[in-house]
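Since the structure comes first, as structure tokens, the remarks are kept for the end.
These numbers were taken from a predicted model, which means no experiment stands behind them.
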Amino acid sequence: MRKSNKDSEFKLSKDYQARLMTPFAVLGIRTEEDWLTDIDYLPLDTPSLAPTNQLAEEVCKQLLAYLANPAFVFDLSLHISGTVHQQRVWNAIQRIPCGSTRSYADIAHQLHSAPRAIGQACGANRLPIVIPCHRVIAKDGSLGGFMHASDGMPLNIKRWLLEHERA
């Protein structure tokens with residue numbers, strides 16, 4: 001049985017506490033109690049959703065501040081679970097300054113890991129933009145991957161974010 005659009009819209013409204021339209025994607029925002037738990041990149045034709053709670057409203061406010069000024073510093077309560085290695089990678093990524101990039105190899109060297117493991121941790125990041133995995137690129141200066149993809153919409157998003165931060 002095929003789902004109707006109403007079923008899809010109902011599912012979307014239950015899955016997110018806000019959906020924020022941006023130039024590169026609709027950001028699906030999930031919160032749980034006082035924690036930001038997920039930001040998903042959704043297709044641009046996804047309907048927006050006004051924040052349904054105070055934290056989702058604050059997340060949207062801070063994301064809009066980032067879009068207006070890429071040097072904006074996020075101040076949100078984050079809840080993201082991951083392995084010890086993933087946590088170390090995400091902490092390292094958060095220290096990359098706005099407008100700068102680091103290679104997977106650079107971070108691997110810093111953490112005594114392997115570039116592929118760094119890429120896997122980047123792909124597992126559930127709070128993109130806030131934890132700016134888009135700032136991690138290939139050693140040769142190319143974009144590398146993004147969201148476990150090597151082309152298409154994910155790389156267009158990564159390219160947009162990097163250009164925004166260099167503007």
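- Under the 4.5 Å side-chain criterion, counting only non-hydrogen atoms from C-beta, Ile29 is in contact with Leu36.
- Taking every heavy atom of both residues into account, Pro51 and Ala18 meet most closely at CA-CB, 3.8 Å.
- For Arg88, there are no side-chain hydrogen bond (donor to acceptor under 3.5 Å, both in side chains) partners two or more places apart in sequence or in a different chain.
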Pair up each side-chain donor or acceptor in residues 58-67 with any protein partner under 3.5 Å, not counting sequence neighbours, and list the distances.
unit_1, atom_1, unit_2, atom_2, d
Glu58, OE2, Gln62, NE2, 2.8
Gln62, OE1, Asp75, N, 2.8
Gln62, NE2, Asp75, O, 3.0
Tyr66, OH, Glu165, OE2, 2.8

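- Hydrophobic cluster membership is shared by Phe72 and Ile39, with clusters built from Ile, Leu, Val, Met, Phe, Trp and Tyr side chains linked at under 4.5 angstrom.
- Looking only at side-chain heavy atoms (C-beta outward), Ile93 and Pro132 come within less than 4.5 Å of each other.
- Scored by the ring pair (Phe, Tyr, Trp, His ring centres under 6.0 Å) test, Trp160 finds Phe24, His164 as partners (sequence neighbours excluded).
- Under the 4.5 Å side-chain heavy-atom criterion for Ile, Leu, Val, Met, Phe, Trp and Tyr, Val26 and Met147 are members of distinct hydrophobic clusters.
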Are Leu76 and Val130 close enough, and set up right, to give a side-chain contact (heavy atoms from CB on, under 4.5 Å), and what steps lead you there?
CA-CA 9 Å; Leu76 297 165; Val130 176; 4.2 Å; yes
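- When side chains are defined from C-beta on, Leu27 counts as touching Ile129, because their heavy atoms get closer than 4.5 Å.
- Among residues two or more places apart in sequence or in another chain, the side-chain hydrogen bond (donor to acceptor under 3.5 Å, both in side chains) test is passed with Ser142 by Asp140.
- Identified under the salt bridge (Lys or Arg N to Asp or Glu O under 4.0 Å) test for residues 147-162, with sequence neighbours left out: none.
- Once rounded to the nearest 0.5 Å, the distance linking CD1 of Ile157 with OH of Tyr41 reads 6.0 Å.
- Residues satisfying the side-chain hydrogen bond (donor to acceptor under 3.5 Å, both in side chains) criterion with Arg102, sequence neighbours excluded, are absent altogether.
- Residues Asn53 and Glu57 fail the side-chain proximity criterion, which asks for heavy atoms closer than 4.5 Å.
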Side-chain donor/acceptor pairs under 3.5 Å, residues 109-125, sequence neighbours excluded:
unit_1, atom_1, unit_2, atom_2, d
Ser113, OG, His85, NE2, 2.8
Asn125, OD1, Leu127, N, 2.8
Asn125, ND2, Ile131, O, 2.7

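- Listed by first then second residue, pairs satisfying side-chain hydrogen bond (donor to acceptor under 3.5 Å, both in side chains) with a partner in residues 91-100 number zero, not counting sequence neighbours.
- In this view, Arg30 and Asp40 satisfy the salt bridge (charged side-chain N to carboxylate O under 4.0 Å, His left out) rule, not counting sequence neighbours.
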Derivation of the side-chain contact (heavy atoms from CB on, under 4.5 Å) call for Arg126 and Ser81 | CA-CA 9 Å; Arg126 294 181 13 221; Ser81 59; 3.7 Å; yes
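- Distance alone, capped at 3.5 Å, places no donor-acceptor pair between the Arg135 side chain and the Leu162 backbone.
- With sequence neighbours left out, the side-chain hydrogen bond (donor to acceptor under 3.5 Å, both in side chains) criterion links Thr101 to no other residue.
- Rounded to the nearest 0.5 Å, atoms CG (Leu49) and OG1 (Thr46) are 11.5 Å apart.
- Evaluated for a side-chain contact (heavy atoms from CB on, under 4.5 Å) with Val136, the options Ile96, Leu143, Val89 yield exactly one hit, Ile96.
- Note on Trp90 and Ile137: same hydrophobic cluster, where clusters join Ile, Leu, Val, Met, Phe, Trp and Tyr whose side-chain heavy atoms are under 4.5 Å apart, directly or indirectly.
- The ring pair (Phe, Tyr, Trp, His ring centres under 6.0 Å) pairs that include a residue from residues 119-144 number zero, where partners must be two or more places apart or lie in different chains.
- The salt bridge (charged side-chain N to carboxylate O under 4.0 Å, His left out) search around Asp106 returns none, not counting sequence neighbours.
- A single hydrophobic cluster is seen to contain both Met21 and Leu42, as judged by linkage of ILVMFWY side chains at heavy-atom distances under 4.5 Å, directly or through other members.
- With contacts defined as side-chain heavy-atom distances shorter than 4.5 Å, the pair Gln17/Leu55 does not qualify.
- Residues Trp35 and Leu20 fall into different hydrophobic clusters, defined by Ile, Leu, Val, Met, Phe, Trp and Tyr side chains chained together at heavy-atom separations under 4.5 Å.
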